[in-house]
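Structure first, commentary second.
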2 protein chains.
Amino acid sequence: MTLIEIARKGQITPEMKTVAQSEGVDVQKVRTLLADGRLVILKSATRDVVPVGIGELMRTKINTNVGTSIDFVDMEEEIKKALVAVKHGADTVMDLSTGGNLDIIRRRILSEVSVPVGSVPIYQAAQNPDMSVDDMFNAVRKHASDGIDFMTIHAGVTLSAVEHLKKRQRILDVVSRGGAFMVAWMMQHEQENPFYAEYDYLLEIAREYDVTISLGDGMRPGCISDAGDAPELMEVVTLGELVRKARSEGVQTIAEGPGHVPLNDVRASVMAMKRLTDYAPLYLLGPLVTDIGPGYDHMIGAIGGAVAGMYGVDFLCMVSPAEHVALPTVEDIKEGTIVTKIAAHIADLTRDGQKDRARTWDDKMAHARKNLDWKAQFNLAIDPEKARKIQHDRKSSSDACSMCGELCAIKIMRDALRDKL
Amino acid sequence: MTLIEIARKGQITPEMKTVAQSEGVDVQKVRTLLADGRLVILKSATRDVVPVGIGELMRTKINTNVGTSIDFVDMEEEIKKALVAVKHGADTVMDLSTGGNLDIIRRRILSEVSVPVGSVPIYQAAQNPDMSVDDMFNAVRKHASDGIDFMTIHAGVTLSAVEHLKKRQRILDVVSRGGAFMVAWMMQHEQENPFYAEYDYLLEIAREYDVTISLGDGMRPGCISDAGDAPELMEVVTLGELVRKARSEGVQTIAEGPGHVPLNDVRASVMAMKRLTDYAPLYLLGPLVTDIGPGYDHMIGAIGGAVAGMYGVDFLCMVSPAEHVALPTVEDIKEGTIVTKIAAHIADLTRDGQKDRARTWDDKMAHARKNLDWKAQFNLAIDPEKARKIQHDRKSSSDACSMCGELCAIKIMRDALRDKL
């Protein structure tokens with residue numbers, strides 16, 4: 001039986017207990033949300049990894065993508081990225097490698113990191129320029145049997161979605177790599193997407209290994225102008241069908257979302273996706289709320305992500321500073337992960353079931369500031385090393401910081417209020 | 001006559017024309033909004049500077065703070081910061097110097113930069129440890145006669161606000177430097193805030209030079225836990241009275257706001273401030289939507305600022321990466337300014353009167369991406385130098401970027417759709 005099936009039978013597993021404890025949520029609540037598909041617990045049946053809960057009442061989780069590209073194949077560097085990401089708070093890591101020996105890289109990442117690992121099997125299948133249906137499903141099975149905990153499958157990119165794409169004339173047609181592989185394959189073969197047409201077979205494999213299926217949004221908009229259009233929403237409707245089908249087969253699912261969305265559409269976009277997918281855990285890339293900031297897309301994604309998190313998104317994918325421009329470096333991964341983690345925490349400060357716990361961190365920092373206790377401030381900082389370095393490079397001669405020195409408002413107030421408050 | 005009085009008489013000045021043209025807004029609309037106090041035009045009567053409009057229907061503006069501290073007095077570095085800020089899109093610069101010869105520094109900044117300059121005269125008055133009422137007003141007059149275009153005056157920090165502060169037991173009492181000066185002075189002298197008690201005199205000086213008064217929020221919360229409490233809202237009510245009084249005397253005003261606010265309170269906070277201040281242009285520092293990110297407060301401020309801008313804030317103050325930790329470096333000012341500019345643009349994409357114009361920038365970038373036109377992408381980027389460097393350091397062997405190389409979704413789609421769409 002899969003986790004979701006056990007939950008439906010009313011039984012509690014160690015995975016549910018671990019999640020309940022780490023999230024501070026009652027285990028029966030975890031069980032019912034899991035049974036309803038409103039939260040997933042990422043953990044392959046074949047892998048020994050601390051299970052991670054994603055969905056309602058859970059902390060907002062973040063994923064960091066790593067992986068080689070055709071131009072840069074350096075496995076050790078990708079391992080370093082994965083470890084740096086986990087060190088700085090990534091709850092999961094996805095291996096998106098497309099260059100080099102993908103089996104070796106994937107297995108190394110699985111053995112090196114302590115968190116659930118995701119992948120996109122179509123990237124491996126597409127290494128064969130004449131990719132067959134078998135290649136697709138063989139890649140899925142191989143990743144599952146290797147112990148991959150969740151995998152992105154672009155099953156919502158259907159012939160019907162492609163028809164909508166043709167009608168609409170977007171600026172940027174398809175910007176999802178997996179989505180583009182599927183569209184190109186379907187157009188070349190004049191045939192339905194195999195992951196859609198043979199979705200039952202996909203679910204069989206997922207069931208066997210208790211892999212969570214993350215339903216990819218291959219039609220996600222690639223710029224502000226394309227946001228919220230027919231191809232995108234058509235795909236979300238399909239993802240809803242696929243979520244229901246998977247649930248009925250005992251397979252856990254996540255729904256993926258855009259992409260590029262103007263800030264004032266984020267709320268409506270999140271709510272529509274949640275409703276149409278029967279409140280499956282929602283996983284967003286960004287959203288990027290403007291197109292004009294290459295080099296700063298991690299921050300632009302954090303702006304969209306914090307707001308999306310506030311409105312109910314459960315899982316944020318890190319966007320790196322190199323997005324749209326280059327394969328990220330280790331340093332890019334570090335910065336992108338930290339910024340995404342900040343966005344998740346900002347969302348948690350507003351999130352049902354988590355806001356009180358999240359607030360204790362901020363309150364500790366506020367007290368440390370009031371006490372001008374720098375050691376505590378640095379220890380509480382999301383990136384102690386960076387905060388410490390900034391201060392060290394410009395040290396004040398007073399016990400305040402060099403922004404104000406002796407004119408520090410906190411110091412002035414301490415003197416003014418002494419014995420008065 | 002001051003600009004606001006001329007506008008009320010139905011007359012159009014060159015300043016109104018300049019603002020109307022640069023904002024793409026009808027000049028009669030600019031005139032009526034100015035007459036109503038819903039927008040201000042920053043330009044001292046004594047200074048030759050391109051006027052900047054801030055308020056309804058205008059682009060979201062950003063300010064960058066520069067200035068010495070007691071620990072670091074290096075005028076040339078502060079000038080560099082001011083110039084870097086303007087280069088990267090600061091619409092205004094404020095000189096917050098507290099160390100060294102403040103007259104010389106202020107006058108140098110006024111002569112070096114091409115944008116409206118603001119200041120906080122109380123910082124100069126407080127250089128006298130026995131600051132008198134005359135010191136305060138003399139500083140105001142000196143700054144005004146030097147050509148300062150707008151100045152922050154903490155006139156809302158009243159004895160009554162201090163009483164609320166005493167009742168409430170915040171974690172961080174007062175974190176505004178100017179606010180702390182005023183509270184300390186009032187407690188020491190057991191006397192009302194002179195800028196409140198003799199507000200008419202302040203307005204006389206402002207009127208004489210047509211200086212815009214930016215009503216400081218000395219009681220702004222200094223941490224998430226203190227957000228939206230009685231001392232803060234009490235002060236906003238006072239600021240509303242002060243706005244109305246200033247308007248009746250022909251003086252332009254801006255209202256300042258917090259500070260630290262959880263993300264889900266930003267909307268209510270902005271709307272309350274706008275309503276209570278009769279829709280005066282609203283100027284926010286941040287807001288910082290979490291306390292746990294020293295080193296990343298520029299991004300945290302950008303998250304709060306973009307959302308606040310979406311809900312009607314008109315003017316965003318840059319927060320530097322060194323906030324809470326040290327006096328910023330030139331590099332900090334550059335990064336903080338760019339990130340704040342991005343937040344302002346994200347807000348503009350949602351903003352009445354500006355969203356269509358703002359969108360054209362994003363659309364150009366989308367087309368450049370579709371065409372894999374890297375030269376255009378870099379030229380359109382908010383920071384061309386950074387984007388170019390990231391790509392240069394990890395160049396792809398293909399005409400796509402090294403993230404995907406030949407597997408670029410745009411390239412795949414171009415091949416797939418050739419002659420088909």
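Chain naming here is simple, since letters A, B, ... match the order of the sequence lines and numbering starts at 1 in each. Just so we're clear, the structure is a prediction, and the values are computed from it rather than from any experiment.
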Margin query: For the aromatic rings, using the six-membered ring if either is Trp, is the centroid distance between B:His298 and B:His324 under 6.0 Å?
Written below: no
Margin query: Looking at chain B, which one of A:Val175, A:Ile300, A:Ile171, A:Val183 has the largest number of heavy-atom pairs inside 4.5 Å, strictly under?
Written below: A:Ile171
Item checked: Atom group of A:Val289 that falls short of 4.5 Å from chain B, counting heavy atoms -> both
Next item on the list: Give, as side chain, backbone, both or neither, the part of A:Phe378 having an atom under 4.5 angstrom from any heavy atom of chain B.
Entry: side chain
Notebook entry, point to check: Have B:Asp332 and B:Thr329 got a donor and an acceptor in their side chains that come within less than 3.5 Å?
Noted result: yes
Check: A:Asp362 versus chain B, heavy atoms under 4.5 Å apart: side chain, backbone, both or neither?
Finding: both
Item checked: Residue selection (most heavy-atom pairs with chain B, distance under 4.5 Å) from A:Ala184, A:Ala387, A:Pro294, A:Ser69 -> A:Pro294
Check: For the residue pair A:Tyr296 and B:Asp383, what are the closest heavy atoms and their distance?
Finding: OH-OD2, 2.6 Å
Check: Is it the backbone or the side chain of A:Lys395 that comes under 4.5 Å from a heavy atom of chain B, or both, or neither?
Finding: backbone
Next item on the list: Quick one: closest heavy-atom pair of A:Leu172 and A:Cys223, and the distance?
Entry: CD1-CB, 3.9 Å
Atom pairs and distances, donor-acceptor, side-chain atoms in residues 400-412 of chain A, under 3.5 Å, two or more places apart:
| from | atom 1 | to | atom 2 | distance (Å) |
| --- | --- | --- | --- | --- |
| A:Ser402 | OG | A:Arg394 | O | 2.7 |
| A:Ser402 | OG | B:Leu327 | N | 2.9 |
| A:Lys411 | NZ | A:Asp399 | OD1 | 2.4 |

Next item on the list: Count the heavy-atom pairs under 4.5 Å between each of A:Ile292, A:Thr350, A:Ile338 and chain B, then report the option with the highest count.
Entry: A:Ile292
